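Comments concern the structure below.
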Amino acid sequence: MGAGIRVLLAAFLAAALAAAGGVTAQLRQDYYAAVCPDLESIVRDAVSKKVQAQPVSVGATIRLFFHDCFVEGCDASIIVVSTGNNTAEKDHPNNLSLAGDGFDTVIQAKAAVDAVPACTNQVSCADILALATRDVIALAGGPSYAVELGRLDGLVSLSTNVDGKLPPPSFDLDQLTTMFAANNLSQADMIALSAAHTVGFAHCSTFADRIQPASVDPTMNATYAADLQAACPAAVDPNVALQLDPVTPQAFDNQYFVNLVNGRGLFTSDQVLYSDARSQPTVVAWAQNASDFEQAFVDAITRLGRVGVKTDPSQGNIRRDCAFLN
């Protein structure tokens with residue numbers, strides 16, 4: 001191989017590696033070790049207090065992290081409030097159902113961090129959200145895992161940026177796979193991350209089309225459908241919400257996959273993971289082996305935490321107040 005070709009090949013490989021792993025190289029677990037060495041315990045304590053007071057904070061925080069990362073990357077732009085001249089992400093129709101307890105979990109953790117003089121205005125809201133997500137999962141009995149840190153907070157939050165970025169509950173396997181692939185996440189990552197629906201709640205309107213008395217979704221367990229119809233009658237209060245996992249609603253576990261095998265997935269986008277033959281083997285495997293699922297979930301949520309992160313000061317900063325741009 002000639003010297004010129006070797007140089008070109010090396011340049012090509014360097015570019016490929018930068019595209020694939022540049023973010024990973026800039027994020028690191030010990031990012032705040034010098035300025036705020038007790039960061040993780042500070043956040044964990046604040047999150048624990050919040051979850052003890054409001055257990056719904058578990059599902060709310062996980063969902064907040066997902067909705068943040070899929071729109072403009074993991075940059076805490078979901079937390080910014082709208083102002084007179086700007087409608088922020090959180091006020092997009094697809095985000096109006098995000099529970100306030102998720103936002104409050106991050107706000108309280110940020111306050112606890114900033115209360116330590118050495119840590120004041122040193123830690124991004126994006127990183128606090130990533131840590132809080134890990135902590136609520138662990139508090140609910142799920143896996144604890146190392147969190148990569150070093151994200152900056154986004155400089156913009158626009159409702160219009162949300163359009164077409166979040167998967168609706170009606171998506172089929174191909175639509176889900178395509179949307180996750182756009183965020184460098186595999187189909188297996190998508191299936192693993194879908195298991196976040198082992199905790200949390202959903203409003204009746206998000207699955208009403210599956211339980212119409214005249215046309216119940218044939219992939220849904222008949223008893224489960226009847227239970228949902230009783231809880232969500234035609235004129236139900238739009239604020240009524242049901243637990244996503246009817247068996248172990250407050251535990252982060254692999255019961256989600258057991259439910260799918262039994263026809264008890266709440267959304268079309270849940271149940272399709274079992275009814276589609278291409279993804280069914282993964283669902284069955286994780287329904288039978290909790291440790292395999294947990295490892296796959298940790299790998300997937302770590303990759304999710306790398307989506308579109310901002311590490312250059314020209315792209316982001318450390319927000320003094322998570323709800324307002326500096």
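Since we're looking at a predicted model, the values are computed, not measured. Note that the numbering runs from 1 along the sequence shown for the chain.
Annotation: the span from L304 atom CG to D299 atom CG amounts to 12.5 Å, rounded to 0.5 Å. We find the CG-CG distance between L27 and D127 to be 7.5 Å, quoted to the nearest 0.5 Å. With rounding to the nearest 0.5 Å, the separation of OG in S279 from CG in L173 is 4.5 Å.
The closest donor-acceptor contact from the side chain of N254 to the backbone of A287 lies under 3.5 Å. Remark: side-chain polar atoms of Q212 are paired, donor with acceptor, to backbone N or O of A208 under 3.5 angstrom. With hydrogens and angles disregarded, no donor-acceptor distance shorter than 3.5 Å links the side chain of R319 to the backbone of G316. S82 places no side-chain N or O within donor-acceptor distance of the main-chain N or O of T87, the cut-off being under 3.5 Å. Looking at D245, its side chain does come within 3.5 Å of a backbone N or O of T248 through a donor-acceptor pair. For the pair N326 (side chain) and R320 (backbone), a donor-acceptor distance under 3.5 Å is present. Between the T198 side chain and the A195 main chain, no donor and acceptor come within less than 3.5 Å of each other. Between the side chain of T178 and the main chain of Q175, no donor-acceptor pair closer than 3.5 Å is present. With hydrogens and angles ignored, the 3.5 Å screen pairs a side-chain donor or acceptor of R63 with a backbone N or O of S97.
In this model, a donor atom of one side chain and an acceptor atom of the other lie less than 3.5 Å apart for S291 and N289. Defined by atom type and a distance below 3.5 Å, a donor-acceptor pair is present between the side-chain atoms of N259 and Q255.
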Evaluation steps, side chain to side chain donor-acceptor pair (under 3.5 Å), between E72 and S77: CA-CA 8 Å; E72 300 301 304; S77 53; over 6 Å; no
Full working for side chain to side chain donor-acceptor pair (under 3.5 Å) between T83 and N86: CA-CA 5 Å; T83 57; N86 180 67; 4.8 Å; no
H92/D163 under side chain to side chain donor-acceptor pair (under 3.5 Å): CA gap, chis, key distance, verdict: CA-CA 8 Å; H92 186 279; D163 294 340; 2.7 Å; yes
Pair D189-S186, side chain to side chain donor-acceptor pair (under 3.5 Å): steps then yes or no: CA-CA 5 Å; D189 291 333; S186 68; 3.2 Å; yes
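Checking each of D101, T61, D45, T105 against K50 for a side-chain hydrogen bond (donor to acceptor under 3.5 Å, both in side chains) leaves exactly one that passes, namely D101. Between D174 and the choices R278, M179, Q187, the side-chain contact (heavy atoms from CB on, under 4.5 Å) rule is met once, by R278. Considering R303, R134, R306 in turn, R306 is the only one that fulfils the salt bridge (Lys or Arg N to Asp or Glu O under 4.0 Å) rule with E148.
In this structure, F297 has its ring center under 6.0 Å from that of F252. Between Y256 and F293, the distance from one ring center to the other does not fall under 6.0 angstrom.
Here D114 pairs with K110 in a salt bridge; the nearest charged N to carboxylate O distance falls below 4.0 Å.
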